[in-house]
Amino acid sequence: PVAGLRVGIKDGKFEAFLSNSDYDTGELDLVVAGTEHGVMMVEAGASEVSEETVAEAIEWAYKAMQPAIKIQQELVKKVGITEQVFELDLPNEDVQKEVNEWVEGKFGDNIRAAYPERNDLVNALRTQFHESLAEKYGEEVYKELKTEYDEAFTLALHKDVRAGILADGVRPDGRKLTEIRPLSSQVGLLPRVHGSSIFTRGMTQALNIVTLAPLSYSQIVDTMEKDHERRYMHHYNAPGYTVGEVRRLGSPGRREIGHGYLAERALTAVLPSEEDFPYAIRSVTEIMSQNGSTSMAATCSSCLALMDAGVPLKRPVSGIAMGLMLEGDTPYILSDIADAEDFAGDMDFKVTGTEKGITALQMDMKVHGLPPKILADALTQAKAGRAYILEHMLTTISAPNKELSPYAPRVESMHINPDKIRDVIGKGGETINKIIAETGADIDIKDDGTVFIASPDKASIDATRKWIESLTEEPEVGKIYEGTVVKLMDFGAFVNIMPGTDGMVHVSEMADTRVEHPSDVVKEGDKVKVLLVAIDDRGRLNLSMKKAK
């Protein structure tokens, strides 16, 4: 039986069964699944939480879920379930033995080569293997046997990978257990986009493009659990050519969606607030070549591209994929695993974070559970690997660019009285659409009265701001306005000082000398300067022309 538990931190303590808001605003959102023997799966988002805290949380969850496992076991006894017998679909033992002997005779130190040389060696040996058996059994007979022998060859290859690590501490490409593949990276390689980078680790290469837009471009997410706006989006693509295959191009599959979301979660904790950086952000990773750990390459490349785009991240994030070979009770933890080690190994444990702590985790297990102690050791080893990768990234770009791309929209904010929002929008959106059409700026208004104005042109932003201010400005006593005379009376003139707001200039306030009739001084349509002298208890504005000079 398997049980799972979702854990957060509240008031400094680990707790399960919290509300969605507690997980969203808390520093840790951790899901752990396991059996009575160990942990099977881990997934988490975190706000730079230390490795020690995450390890304690995993152990706390593992212990806390045991009652759920015991009650399942009790139910099995009461119902009287009989476990079904199954057989693994493996090649015939004689076939496997024959293939193992052939592989052991051909493999050796010559196969411990860096990628892609190792791939070339393996492919050449596979071809030689099939040719020798086709010659032994005859072409026609071997057509029926080839699939089973090919599966046996792959299993023998996995066995060799494990043997090299367990016996000699040497990985398929000759690396030590904690060694990271060669790194290289670059930013700003696509000058027309708002931010770009390329990150290469061994044969895995990720190109990332960042686009900035007004907050109105945020994605609206409506689910059974909650409704919210997704301001930061990370999308991941890995076409067939990245592994040397021909595949039909189509919509992203579950793997692509999952990898994209993991890399998105890795950076969410370090994004600036909307107030500090009022943009919707889309980050797209295009995998160019892959040999393991592409989601972590996507994390690193997206971080570099965000910094290149001028997004003021709290701290840069790096990511690493950890592996494991378990021999009895002895664990062999591998840093930065490649494909061969993933296929032949017992664990794929992805860790992202800053120098301060972890931001995301994802772990899959291929054995029947691991004790939390091994996972704690893997987190500690991953911390050193992440630090090494981050050090490289900072040699490429040490801090977010101070200036945005000249092609990125500029976004400025202002605040208006929420009661005035209807004045900016107008009937059926007439007013706001007119402002957008005439200034060319995008306008996004929040319910609290915060207005975001976006445009690549500063003059457009200034014109929009001035227009909105004129629609929403509150009359201020002591301020001089330039208004328009809209109506003459025997005792004075009404002057419009802002849209929808008129005040009265009494005849005694029109000039320093006596005025017999207002028409002697002004006429309707005249532009005049007036001082707002007072606002009475009924909200009427008293203006003065002679005091505005």
Side-chain angles (χ1 to χ4, degrees), residues 38 87-133 146-182 201-204 243 291-293 320-349 363-371 373-375 377-378 381-382 385:
E87 288 186 14
L88 289 174
D89 185 14
L90 296 172
N92 179 280
E93 289 185 6
D94 293 334
V95 170
Q96 190 66 61
K97 182 179 179 182
E98 180 183 0
V99 174
N100 288 347
E101 291 174 354
W102 191 95
V103 170
E104 287 170 5
K106 293 291 184 179
F107 280 16
D109 292 339
N110 66 324
I111 205 69
R112 314 268 181 237
Y115 297 98
E117 289 83 356
R118 182 178 188 277
N119 288 351
D120 295 337
L121 286 169
V122 169
N123 291 335
L125 283 171
R126 192 185 291 268
T127 300
Q128 183 183 345
F129 167 74
H130 287 304
E131 288 176 349
S132 66
L133 289 175
K146 185 174 181 179
T147 299
E148 185 173 18
Y149 272 93
D150 194 68
E151 290 176 359
F153 183 90
T154 300
L155 289 175
L157 186 64
H158 292 171
K159 180 183 175 183
D160 176 76
V161 170
R162 294 184 69 95
I165 292 170
L166 300 179
D168 307 323
V170 179
R171 300 166 70 172
D173 56 0
R175 282 186 290 152
K176 297 176 182 177
L177 301 190
T178 59
E179 190 175 347
I180 311 297
R181 286 171 288 178
R201 184 199 289 121
M203 281 182 64
T204 296
V243 289
N291 185 31
S293 195
I320 190 170
M322 307 298 292
L324 176 74
M325 301 287 180
L326 195 61
E327 183 69 10
D329 294 330
T330 306
Y332 295 80
I333 300 171
L334 313 176
S335 296
D336 180 29
I337 58 172
D339 276 351
E341 296 159 335
D342 188 6
F343 299 147
D346 300 324
M347 178 183 77
D348 183 6
F349 194 2
M363 183 194 73
D364 300 318
M365 194 65 57
K366 300 170 190 175
V367 292
H368 293 169
L370 285 177
K373 173 65 170 64
I374 292 179
L375 300 181
D377 292 341
Q381 188 168 315

Checklist entry - Any side-chain heavy atom of Met363 sitting closer than 4.5 Å to one from Asp348? => result no
Item to check | Euclidean distance, Lys97 NZ relative to Glu101 CD, rounded to 0.5 Å | outcome: 5.5 Å
Checklist entry - With side chains defined as the heavy atoms from C-beta onward, is the minimum distance between Asp94 and Glu98 less than 4.5 Å? => result no
Checklist entry - Going through the checks in order, is the side chain to side chain contact (heavy atoms under 4.5 Å, CB included) test met by Arg118 and Val122? => result CA-CA 6 Å; Arg118 182 178 188 277; Val122 169; 3.9 Å; yes
Checklist entry - Do Met347 and Lys366 touch side chain to side chain, with heavy atoms closer than 4.5 Å? => result no
Next on the checklist: If you define the side chain from C-beta out and look only at heavy atoms, does anything of Ile333 sit under 4.5 Å from Asp377?
Outcome noted: yes
Checklist outcome for this item: When every non-hydrogen atom of Ala340 is compared with those of Pro172, the smallest separation belongs to CB-CG, 4.3 Å
Item to check | Distance-minimising heavy-atom pair for Gly385 and Ile320 | outcome: CA-CD1, 3.8 Å
Next on the checklist: Given 3.5 Å as the limit, does a donor-acceptor pair link the side chain of Asn123 with the main chain of Asn119, or not?
Outcome noted: yes
Checklist outcome for this item: When rounded to the nearest 0.5 Å, the distance separating OG1 of Thr178 from CG of Asp336 is 11.0 Å
Next on the checklist: Within the structure provided, determine whether Leu166 and Thr330 are in side-chain contact (heavy-atom separation under 4.5 Å).
Outcome noted: no
Checklist entry - Between CG of Asp160 and CG of Leu125, what distance do you get to the nearest 0.5 Å? => result 10.0 Å
Checklist entry - Does some side-chain heavy atom of Met325 sit less than 4.5 Å from a side-chain heavy atom of Val161? => result yes
Item to check | Electrostatic pair Asp173:Arg171 at N-O distance under 4.0 angstrom | outcome: no
Checklist entry - Sub-3.5 Å donor-acceptor pair from the side chain of Glu179 to the main-chain atoms of Lys176, do we have one? => result yes
Checklist entry - In chain order, what residues pass the salt bridge (Lys or Arg N to Asp or Glu O under 4.0 Å) check against Arg162, with sequence neighbours excluded? => result Asp346
Checklist entry - So, Thr204 side chain and Asn291 main chain: donor-acceptor pair closer than 3.5 Å or not? => result yes
Next on the checklist: Can you classify the ring geometry of Tyr149 versus Phe129 as parallel (below 30°), tilted (30 to 60°) or perpendicular (above 60°)?
Outcome noted: tilted
Checklist outcome for this item: So salt bridge (Lys or Arg N to Asp or Glu O under 4.0 Å) across residues 146-158, not counting sequence neighbours, yields Arg126-Asp150
Next on the checklist: Check whether Asp168 reaches the backbone of Val170 with its side chain - one donor and one acceptor, N or O, closer than 3.5 Å.
Outcome noted: no
Next on the checklist: As a quick check of understanding, evaluate side chain to side chain contact (heavy atoms under 4.5 Å, CB included) for Leu90 and Leu155, giving each step before the final call.
Outcome noted: CA-CA 9 Å; Leu90 296 172; Leu155 289 175; 4.2 Å; yes
Checklist entry - Does a side-chain heavy-atom distance below 4.5 Å link Ser293 with Ile337? => result no
Checklist entry - Roughly how far, to the nearest 0.5 Å, is the CD atom of Gln381 from the CG atom of Leu324? => result 10.0 Å
Item to check | Student check: side-chain heavy atoms of Ser335 and Leu177 closer than 4.5 Å | outcome: no
Checklist entry - How far does CD1 of Ile165 sit from CD of Glu327, to the nearest 0.5 angstrom? => result 11.5 Å
Item to check | Value rounded to 0.5 Å, distance of CE in Met322 from CD in Glu341 | outcome: 11.0 Å
Checklist entry - Which atom names give the shortest non-hydrogen contact between Ile374 and Leu370, and what distance separates them? => result CD1-CD2, 4.0 Å
Checklist entry - Without hydrogens or angle criteria, can the side chains of Asn100 and Gln96 be said to hold a donor-acceptor pair below 3.5 Å? => result yes
